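The structure displayed is predicted, hence computed values, not measured ones. Both counts, for ligands and for their atoms, begin at 1 and track the order of listing.
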Amino acid sequence: MKDKTVLYKISQGMYVLSTKGASCFVDAVSQVSGGENPLVCVAVMKKNYTNEVMHKTNHFALMVFGKNDNPDIIKTFGFSSSKEMDKFAKYEYFEQLDVKILKSMIGYMLLEKVDTIENETHTLFIGKVIDADKFKEEEAMTYSYYQEHKEELLKVQTERGKTAWVCSVCGYVYYGEELPNEFTCPVCMMSKEYFNLKKEEL
Ligand SMILES: Cc1cc2nc3c(=O)[nH]c(=O)nc-3n(C[C@H](O)[C@H](O)[C@H](O)COP(=O)(O)O)c2cc1C
């Protein structure tokens, strides 16, 4: 491939994906048909606990993340595992068909799983929208806006003279002078070449 970064020009949004017992932050969402019950798909990495749980459940929700929403939600849902914590514990939510839905975001769609497609790293879950609601009229955050502003949104902090490495794909921050050999991002699996050095001057 001559330049794979052209793929970054596919515009995507920012969402919280939730199913009974697991949730994570996602950008790989597309609407693939219209009609009364549109089809929407989401690609979930196999290493994510949400992927394992989504194979066993029939319903999931996608909540739309807005430009003015609390960036802490990205960290909670995007950088930790549902296996180790209840990601909803510090936020207001309600439940529909046992799926937890955040109240603070722009709105949500509730989907019934209709099909899955697998490749080596991801599962594409295709769902039929069975309910949807919009809570506020605000601009949704795009993935490219997140790319441009992730350091300020995630409040990447470096103590003077100390070093942080920021993943250019998802925003995960590794603190340490050197990235270990063979390091891959624990969130998006990109290799160390995708990390940018951030160091405060002394
Ligand atoms: C901005 C952003 C976008 C992400 N997009 C996706 C995505 O589209 N698909 C995916 O599987 N993981 C995505 N992730 C990573 C998961 O949210 C992350 O690995 C999470 O910790 C998985 O949690 P779980 O183990 O509870 O499922 C994204 C993370 C961030 C911060």
After noting the C-alpha distance and the side-chain angles of Thr76 and Tyr91, does the key distance pass the side chain to side chain donor-acceptor pair (under 3.5 Å) rule?
CA-CA 10 Å; Thr76 306; Tyr91 305 107; 2.8 Å; yes
Is it the case that over 12 heavy atoms from other parts of the model lie below 6.0 angstrom from the CD atom of Glu137?
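Incorrect, the count does not exceed 12.
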Using a 6.0 Å cut-off, check whether atom NZ of Lys113 has over 12 heavy atoms from anything other than its own residue.
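Enclosed.
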Is there a donor-acceptor pair closer than 3.5 Å between any side-chain N or O of [X] and the backbone N or O of [Y]?
| X | Y | result |
| --- | --- | --- |
| Ser168 | Tyr194 | yes |
| Lys128 | Val114 | no |
| Lys46 | Glu118 | no |

Look only at interatomic distance and state if [X] has a nitrogen or oxygen under 3.5 Å from any nitrogen or oxygen of ligand 1.
| X | result |
| --- | --- |
| Val44 | no |
| Ser81 | yes |
| Cys170 | no |
| Tyr49 | yes |
| Pro186 | no |
| Tyr143 | no |
| Lys83 | no |

Just let me know how Phe77 lines up against ligand 1, side chain, backbone, both or neither, with a heavy-atom cut-off below 4.0 Å.
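Under 4.0 Å from ligand 1, Phe77 contributes backbone atoms alone.
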Test of understanding: given a 4.0 Å heavy-atom threshold, classify the contact between His122 and ligand 1 as side chain, backbone, both, or neither.
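The answer is neither.
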Considering only protein heavy atoms, which is closest to [atom], and at what distance to one decimal place?
| atom | answer |
| --- | --- |
| atom 3 (C) of ligand 1 | Asp27 OD1, 3.2 Å |
| atom 18 (C) of ligand 1 | Gly78 O, 3.1 Å |
| atom 15 (C) of ligand 1 | Val187 CG1, 3.5 Å |
| atom 27 (O) of ligand 1 | Thr50 OG1, 2.5 Å |
| atom 17 (O) of ligand 1 | Phe25 O, 2.7 Å |
| atom 19 (O) of ligand 1 | Asn48 OD1, 3.1 Å |
| atom 23 (O) of ligand 1 | Lys87 NZ, 3.0 Å |
| atom 31 (C) of ligand 1 | Phe79 CE2, 3.6 Å |

Have a look at Met85, Met45, Glu84 and point out the one with the heavy atom closest to atom 11 (O) of ligand 1.
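Shortest heavy-atom distance from atom 11 (O) of ligand 1: Met45.
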Heavy-atom nearest option to atom 21 (O) of ligand 1, drawn from Cys24, Ala43, Ser80
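Comparing heavy atoms across Cys24, Ala43, Ser80, the nearest one to atom 21 (O) of ligand 1 lies in Ser80.
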For Tyr146 and Phe65, run ring-ring contact (aromatic ring centres under 6.0 Å, His included): C-alpha distance rounded to whole Å, both residues' side-chain angles, the deciding distance at 0.1 Å, then the answer.
CA-CA 11 Å; Tyr146 172 70; Phe65 189 76; 8.5 Å; no
Mark the output for Ser23 as yes if a heavy-atom distance to ligand 1 is under 4.0 Å, and as no if none is.
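In this structure, Ser23 qualifies as a contact of ligand 1 - some heavy atom is under 4.0 Å.
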Residue-ligand contact Lys47/ligand 1, heavy atom below 4.0 Å
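So Lys47 counts as touching ligand 1.
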Per-atom contacts, ligand 1 versus Ser82 - under 4.0 Å to a heavy atom:
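Close to Ser82: 24 (P), 26 (O).
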Contacting atoms of ligand 1, where contact means under 4.0 angstrom from a heavy atom of Ala28:
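By the 4.0 Å cutoff, the relevant atoms are 8 (O).
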Nearest heavy-atom neighbours spanning Leu153 and Met141:
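In this case the closest contact between Leu153 and Met141 is CD1-CE, 3.9 Å.
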Testing Glu95, Gln96, Lys100 for side chain to side chain contact (heavy atoms under 4.5 Å, CB included) with Asp98, which one passes?
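Of Glu95, Gln96, Lys100, side chain to side chain contact (heavy atoms under 4.5 Å, CB included) with Asp98 is met by Glu95 alone.
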Would you compute the distance between atom CG of Asp115 and atom CD1 of Ile126 and round it to the nearest 0.5 angstrom?
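Atom-to-atom, Asp115:CG and Ile126:CD1 are 5.0 Å apart.
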Nearest 0.5 Å, what's the OH-OH distance between Tyr93 and Tyr108?
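Output value for this atom pair is 15.5 Å.
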Kindly indicate whether the side chain of Asp72, heavy atoms from C-beta on, has any atom under 4.5 Å from the side chain of Lys90.
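Asp72 reaches Lys90 side chain to side chain.
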Pairing donors with acceptors under 3.5 angstrom, does anything connect the side chains of Thr123 and Asn51?
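Asn51 and Thr123 do have a side-chain donor-acceptor pair below 3.5 Å.
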Test ring-ring contact (aromatic ring centres under 6.0 Å, His included) on Phe183 and Tyr174 and set out the steps.
CA-CA 10 Å; Phe183 185 80; Tyr174 176 90; 5.0 Å; yes
